[in-house]
Chemist: 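Before anything else, here's the structure in question.
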Amino acid sequence: MGTEPVNPRRQARILASFAMLAAFSGAASAQEFPSFNSYGSPGLIDMPSAEVAPDATIALTYGRIHDSNRLSLIFQMTPRLIGTFRYSGIQNFDNRDSVDGVFYDRSFDLRYQILTEGEIRPAVAIGLQDFIGTGIYSGEYLVATKTVTPQLKLTAGLGWGRLGSYNSVATLGSRPVETLGEGGLPTPDRWFRGDMAVFAGMSYALNDRLNFTLEYSSDDYEREAEFGGFDHSSPFNFGVDYRFKNNTQLSLYYAYGNTIGAQVTVSLNPKSTGVPGGNESAGVPVKPREPADIQDLGWASTPAGLAAVEDNTAQRLVTSLEKEKLEVEGFDLQGRSATLKLRNPIYGAPAQAIGRAARVMTRVLPASVEQFTIIPSENGMPMSAVTMRRSDLEALENDAAVEMLARTTITDAFGRAPAVDMSQYPKFTWSLTPYYAYSAFDPQDPLRIDVGARLSGELEVTPNMVLSGSIKKKVLGNLDTITRIDESKLPRVRTNYSYYAREGDPQIDRLTLDLYARPGPDLYGRLSMGYLEQMYAGVSGELLWKPVDSRFALGAELNYVRRRDYDGMLGLLSNTTVDPVSGVERDIPDVNGHVSAYYAFGNGFHGQVDMGRYLAGDYGATVTVERQFTNGWRVGAFATFTDVSGDDFGEGSFDKGITLTIPLSIGLGTPSRKTQTETIRTIQRDGGARLNVSNRLYEQVRTWHEPDVANTWGRFWR
Amino acid sequence: MKFRMIPKLAGALGLVAAVAACSNDPYYNNPFAAGYDVIFGGAGEPTPVTQEQIVQTLTSTDLPTVFLNIPERQSQTLLVRIEQNNGYDTYANSGRQAVIMRNGVIVGTRGFGGDLMSTDAGGVRDLVRGSRTGQATYIQRFLTAEDVTRTVTYRCGVEPDKPVDVSMGLVQGTAREVIAACESADGTPFVNYFVVDGNGDILASRQWLGEELGYVSMHRLRR
């Protein structure tokens, strides 16, 4: 295809003439990716370093040295703060808590980089290892790492707890060993107390791929030696890491003077994983108007003429928006303005749905129409009124997206939505999909999985009235083999899970009639009736207050519940549960509910507090903090504190966990509103347990409010 | 979970995925198919444009037409002008991929993946079209994988070079090569080539469209 116009000599000359520009261009190199240690944190082999991973890194590592298996999930929460969740299994561990000789343990770490590395100054970090719970890996450290040459890094630190147990140099107070409460509580009584010891190490990067590590460990592995066949012959450990292009790391270790170990680390980053901007096809371009046509209002001069054009235009809008995978729920046309009630089935970025609809409107609406108002709808509720001038769309199509945002107003849509075109209702959709369900961390079998098929159906009687449900059938799995029975001092609101898993096949996941409404300005309402979730049926009502331009929202939810039968069909059980261990009868209260406050901090962090009465009748609050990325990734943690004492709660002392939400669009490369959320709870007990209602209002509402729309505005012209 | 279960589990998953993923919902996405694409999708087959396709396209429409080659994607395509707005021309193909140009300078793409969202090319465009030597700023905007707009501001030097003969499709004549070399603190440096005729029309070019699309070459087949 013709000749490429290439002239290397000229290219070199011109580039040279701009060499001076390089002077202020600086080094824009990507942040270096650290090597991960056997605990899943940036570090050497068993010892930590002061390094951090690039902001927002999520990494999963599995490693084994001697009899210790460790699976760790880390998240670089902020540029300086790392959190780790670890599940470990130590084999040949002769302890009363071991199952078949394997001691399973869950632990959390936090590390904060106090000082970043400078010309002379080393990076300095402070860390808490296994700082919640029984604390088999419990240790704290202060560590410094310095890059001496680009290849060579030196690390030295001071450790307490495990990290202060070999060749201690000093003692700082006394370190208690008793487990607090029922475990699962932070252990500040131990932090930075007891024996201290020095650890050190170095890493040498032969090239981008190969890295050698050497450390002097201040851990004497006392617990492993006491309960297992552990032999600590040397404090020196050696390692070699091989890194693939995608930052996957393979490591081999020679440790403790007598054993070998291996580890694999995979990582991804929500900020850079996926196709930038997506692979979906282009939206239609803006169609500019002929100046002469703009003043032509002849078509709207008689009511009959207006109605005819409105019908015709509405039809063309439906057809054109269908090609953009958008739906018209209502349409109103006036001489100078038009209002479109829009339903968005697929676009994860609200601004993209609005932008595509606006461009279609420029191609379809009569030239005299200058003001476009798009009212996005969720379950029939008008969520906000996004108003734009057509001449701005024409003028700014090829400018920076923020220019159009500056000229767009987003206001409350209460009472402003056009009448719904009822010709499409009732509407029925169904799907048959695979599903999986799992149960983790039972020492009898740390991971149980079911896979099977799920049949879902949804009947929209009107946009605001939806009858929906799903039923699942297991094809293969072992969730029905859960035999563990623990005593609970509370009504068994969640700990009867194994009965549902065993007897509920097939099982109706849920079957509800949901009603949605806008009871007033800034107010949104939901009423759900039926089989609300796996274990409960009943009625759930919710009211949410959220001004359209606000980062803050308040909600209230009240539920009336009845226990569902274990077989997962339509039957109900009384709300009285009998504890299988103690034989004590306890009643699940009929009514529970919460008042919730939501706040988007605006820097990607989001907070939520739910206060109220939980399923077991306990009163308290759940605090949730999430880091949310514009493209839909979310990583969060939650903790629930209620008036149930740690002793009555049982193992773990209180309910807590971490959540990871992955947008399906990352895998598809094309838009999707679907996300998958995994909640990792160390243990599910009966205290602090909430009803799992689907379709809570806040996420539906905030999507279309100013902060979220503005946040995704880069996709307006995509 | 016992290890011996894994082959059975994989088999069941495959069976379930094959048999059980369907819906009457037009917006339904099969998550298993998506996963399959991610794992086994890889790069698509190269799609060269043939002489026959060029002849066919030029005879089936009277609209301005361009040829686009994206070596980074091993992809070639023919695009026909579908809209004009304010001096910006949108060219698109039947696969709903689009390129937006202003006087032949590519200022945006859509539907290619890793698209160039918008460009402020004013000064550079004027220098190139006038075959003049000078310096100007050049701003490109992209979306990151996180959906945040990334703006890269370049400083460019423009210089005319040797005259060339052009014969592409229905576009023929004598023109001059003009070179723009650009550098930025936050982006890869690049050198763009433009073939400009006496009226300041850009007949062909090789332009940098960002790290994702790389260098893309454009030839006008009909003005």
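So that the names make sense, note that chain A is the first sequence line, chain B the second, and so on, each numbered from 1.
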Chemist: So for B:V164, is it side chain, backbone, both, or neither that comes closer than 4.5 Å to the heavy atoms of chain A?
Modeler: neither
Chemist: Which region of B:T149, side chain (C-beta onward) or backbone (N, CA, C, O), has a non-hydrogen atom less than 4.5 Å from a non-hydrogen atom of chain A, or is it both or neither?
Modeler: side chain
Chemist: Under 4.5 Å from any heavy atom of chain B, what part of A:L326 do you find: side chain, backbone, both or neither?
Modeler: backbone
Chemist: Identify the heavy atoms of B:S23 and A:W430 that sit nearest to each other, and give their distance.
Modeler: OG-O, 2.5 Å
Chemist: Output yes when a side-chain donor or acceptor of B:R110 lies under 3.5 Å from a complementary backbone atom of A:W717, and no otherwise.
Modeler: yes
Chemist: Could you tell me which residues in residues 102-109 of chain B have at least one non-hydrogen atom under 4.5 Å from a non-hydrogen atom of chain A, sorted by residue number?
Modeler: none
Chemist: Going through the checks in order, is the side chain to side chain contact (heavy atoms under 4.5 Å, CB included) test met by B:F112 and A:S281?
Modeler: CA-CA 8 Å; B:F112 291 93; A:S281 59; over 6 Å; no
Chemist: Restricting to salt bridge (charged side-chain N to carboxylate O under 4.0 Å, His left out), what partner residues turn up for A:R359, sequence neighbours left out?
Modeler: none
Chemist: Does the pair B:C22 and A:L432 meet the rule for a side chain to side chain contact (heavy atoms under 4.5 Å, CB included), with working shown?
Modeler: CA-CA 5 Å; B:C22 48; A:L432 184 60; 4.0 Å; yes
Chemist: Restricting to pairs with a member in residues 139-169 of chain B, which pass ring pair (Phe, Tyr, Trp, His ring centres under 6.0 Å), not counting sequence neighbours?
Modeler: B:Y154-B:F190
Chemist: Identify the two heavy atoms, one from B:E146 and one from A:F629, that lie closest to each other, and give their separation to 0.1 Å.
Modeler: OE2-CD2, 3.3 Å
Chemist: Is the CD atom of A:E322 crowded by more than 12 outside heavy atoms at less than 6.0 Å?
Modeler: no
Chemist: Going by side-chain hydrogen bond (donor to acceptor under 3.5 Å, both in side chains), B:D147 matches just one of A:K271, A:Q352, A:R715. Which one?
Modeler: A:R715
Chemist: Could you check B:R96 against A:K323 for side chain to side chain contact (heavy atoms under 4.5 Å, CB included), going step by step and ending with a plain yes or no?
Modeler: CA-CA 11 Å; B:R96 289 192 66 172; A:K323 291 180 189 149; 4.0 Å; yes
Chemist: Over all heavy atoms of both residues, which pair between B:N86 and A:A395 is shortest? Give the atoms and the distance, please.
Modeler: ND2-CA, 3.6 Å
Chemist: Just jot down the salt bridge (charged side-chain N to carboxylate O under 4.0 Å, His left out) partners of B:E72, sequence neighbours excluded, or say none.
Modeler: none
Chemist: What residue, out of A:T630, A:V402, A:L455, has the most heavy-atom pairs lying under 4.5 Å from chain B?
Modeler: A:T630
Chemist: Salt-bridged, B:E83 to A:R363, with N to O below 4.0 Å?
Modeler: yes
Chemist: Which answer fits A:R718, side chain, backbone, both or neither, if we ask what part of it has an atom under 4.5 Å from a heavy atom of chain B?
Modeler: both
Chemist: Decide yes or no for A:P288 and B:N85: does some side-chain heavy atom of the first lie under 4.5 Å from some side-chain heavy atom of the second?
Modeler: yes
Chemist: Do other residues, nucleotides or ligands put more than 12 heavy atoms under 6.0 Å from the CG atom of B:N24?
Modeler: yes
Chemist: Quick check: closest heavy atoms across B:A98 and A:A282, and the distance to 0.1 Å?
Modeler: CB-CB, 3.9 Å
Chemist: Between atom NZ of A:K287 and atom OG1 of B:T90, what is the distance when rounded to the nearest 0.5 Å?
Modeler: 12.0 Å
Chemist: Could you have a look at A:N269, A:N398, A:T273 and say which one has the most heavy-atom pairs with chain B under 4.5 angstrom?
Modeler: A:N398
